[in-house]
Amino acid sequence: MAKFLTSREENYSQWYNDLVIKADLAENSAVRGCMVIKPYGYAIWERIQAELDRKFKATGHVNAYFPLFIPKSFFSREAAHVEGFAKECAVVTHYRLMKDPNGKGVIVDPDAKLEEELIVRPTSETIIWNTYKDWIHSYRDLPLLINQWANVVRWEMRTRLFLRTAEFLWQEGHTAHATREEALEETNKIIDLYADFATNFMAIPVIKGYKSVSERFAGAEDTYAIEALMQDGKALQAGTSHFLGQNFAKAFDVQFTNREGKLDYVWATSWGVSTRLMGALIMAHGDDNGLLIPPRLAPIHVVIIPIYKGNDQLDKISEIAVDLKLKLENAGLNVKYDNRDTHKPGFKFADYELKGVPVRLAIGPRDADEGTVEVARRDTLTKETVSRDNIVGHVTALMDEIQNNMLRKATEFRDKSTYYVETWEEFRDVIENKGGFVMAHWDGTPETEEVIKNETKATIRIIPFDSPAENGRCVRTGRPSERRVLFARSY
RNA sequence: CGGGGUAUAGCGCAGUCCGGUUAGCGCAUCUGGUUUGGGACCAGAGGGUCGCAGGUUCGAAUCCUGCUACCCCGACCA
């Protein structure tokens with residue numbers, strides 16, 4: 001386990017911030033609570049986008065774009081929704097600046113006050129449903145399966161790089177259906193899609209389940225989520241899929257004529273994942289040497305580093321390296337040949353480890369003579385010398401092995417850190433001293449949930465779909481319970 | 001918004017208590033040379049409105065007042 005987790009003195013947050021900055025992913029911007037995503041970090045985001053986009057399109061979804069600004073009045077249409085987001089909205093009140101008549105600089109022109117304030121979207125349900133009203137008239141217009149890639153702003157009191165920034169990038173799907181069943185099916189389909197993506201693409205095992213009423217999305221009838229466990233024992237909500245019922249259809253008066261010729265409100269879902277996934281990547285896989293990026297996600301699969309003395313050797317090694325690069329690229333890998341003369345090999349080794357590149361190939365004069373190449377794995381930090389003749393097969397096989405190994409390791413950690421507890425003492429002990437997931441009985445009331453939260457800072461992360469029926473007693477109140485739910489402290 | 005901390009070169013910091021030459025150090029940068037199988041070394045060079053605005057003083061990074069930003073811990077949240 002990484003040092004930063006075994007030493008209580010280590011400041012986890014500081015480590016996290018440092019790692020992100022050193023690995024060249026992001027930095028704090030000049031704007032409160034926002035971040036600059038640097039090119040390498042953005043390359044990872046683009047990989048996430050590409051894979052999700054592929055999955056969305058394969059399930060019949062299409063992309064569209066809706067405005068950044070939402071008229072304030074839209075927000076008050078759905079009561080629970082406004083309640084949930086009102087406290088964290090950035091509001092545009094003016095549209096013009098002017099020179100300060102009393103001095104230097106500029107001031108907001110008081111004459112440029114907007115009739116109605118505009119909200120910078122914290123999520124797009126309202127403006128999208130206001131638009132859907134004009135798009136949906138008949139059952140023939142349904143289902144409407146639209147996704148948007150966008151930025152949103154939530155004026156959080158406390159921010160943290162990637163996990164909670166004031167502005168973040170995400171995708172939000174907003175679908176409309178003719179029946180309740182169809183909308184529920186969509187909600188399920190998407191949470192499965194997210195779970196598959198997290199598990200098999202990002203190598204982050206997740207638990208699927210329902211959110212408790214108090215953790216539910218503002219305006220939803222039900223919220224499904226995937227919950228991941230970070231290496232420091234805290235849970236991270238990695239994606240959500242909401243069944244919105246007819247709430248937004250009623251709020252925005254979106255009715256359609258069904259097959260029977262009768263008017264009905266449409267059924268809705270919305271769902272999203274964000275740049276927070278990159279926080280999950282860092283915290284689920286990172287070690288003391290930096291990031292580990294699973295091969296399927298990695299923007300660079302293989303880096304080739306030459307080791308040489310003088311230009312003669314470099315030329316000779318470059319010839320081998322360029323040939324190798326081409327062969328690997330033909331096998332579908334993204335390969336970087338770092339022949340910079342400005343850094344020594346040792347520096348490059350450390351740098352690509354920090355960036356989490358899955359496989360590193362080093363070629364020196366010895367390898368040039370012997371027809372070999374040194375292969376180093378980022379996940380195990382092991383090195384071996386391999387003949388160049390079968391390097392392509394070796395490396396492609398390694399990609400699968402590293403991907404599987406990372407998922408296996410994360411899953412083992414998750415399972416090892418999941419505790420089944422029966423008593424309040426055990427519960428407190430795990431939450432306070434061990435960290436991780438706690439599977440415990442709960443009497444089903446928001447009141448008890450609140451008490452537990454106040455006393456331990458642990459919340460119900462999820463009511464797992466696959467939690468079996470099991471009679472037990474609530475860990476806090478002793479009242480009867482029919483299934484275990486998952487508690488944890490969370491980000 | 002409450003509690004604590006910080007603000008000095010691109011980054012990390014010392015100097016502030018106890019005001020006094022030209023504001024230092026490490027890393028990074030640049031130049032030259034030697035290096036290159038795990039974060040190179042030597043020599044030299046450049047880089048500062050000391051967070052902002054006032055005040056005290058012959059003199060302020062240092063003292064006083066106000067403000068702002070950031071970090072950590074809470075409350076809130078994806």
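Letters A, B, ... mirror the listed sequences (proteins, then strands); counts begin at 1.
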Practice task
Please work out if Q313(A) contacts a base, only the sugar-phosphate, or nothing of the nucleic acid, heavy-atom cut-off 4.0 Å.
Solution key: nothing

Handout entry: Rounded C1' spacing from rG19(B) to rU56(B) in Å
Key = 11 Å

Exercise for the section: Give E353(A) one of three labels, base, sugar-phosphate or nothing, depending on what nucleic acid heavy atoms sit under 4.0 Å from its own. Expected result: base

Exercise for the section: Provide the distance between the two C1' atoms, one in rU16(B) and one in rC76(B), to the nearest whole Å. Expected result: 37 Å

Problem - Out of rC76(B), rG38(B), rU36(B), whichever nucleotide has its closest atom nearest the side chain of F349(A) - result: rG38(B)

Handout entry: Spacing between R360(A) atom CZ and rG37(B) atom C1', to the nearest angstrom
Key = 10 Å

Fill in the blank from the handout: Whole-Å distance, W155(A) CH2 to rC1(B) P, equals 13 Å

Practice task
Would you mind reading off the distance between F347(A) atom CZ and rC27(B) atom P, rounded to a whole angstrom?
Solution key: 14 Å

Handout entry: Under-4.0 Å side-chain N/O to phosphate OP1/OP2 contact, K348(A) with rU36(B)
Key = no

Practice task
Pick the P atom in rG33(B) and in rC25(B), then give their distance to the nearest Å.
Solution key: 26 Å

Exercise for the section: Provide the distance between the two C1' atoms, one in rA60(B) and one in rG20(B), to the nearest whole Å. Expected result: 10 Å

Fill in the blank from the handout: note: N311(A), atom CG; rU35(B), atom P; distance rounded to Å ~ 13 Å

Practice task
Report yes if the side chains of T380(A) and N405(A) come closer than 4.5 Å at any heavy-atom pair, otherwise no.
Solution key: yes

Exercise for the section: For L161(A) and rC71(B), give me the distance from atom CG to atom P, rounded to whole Å. Expected result: 9 Å

Exercise for the section: Report yes or no: is the cationic atom of K234(A) (NZ for Lys, CZ for Arg) closer than 6.0 Å to the six-membered ring centre of Y491(A), at no more than 45° off its axis? Expected result: yes

Completion exercise
Among the nucleotides rC73(B), rG37(B), rG38(B), whichever has the atom closest to the side chain of R160(A) is rC73(B)

Handout entry: Phosphate OP1/OP2 of rU36(B): any K309(A) side-chain N/O under 4.0 Å
Key = yes

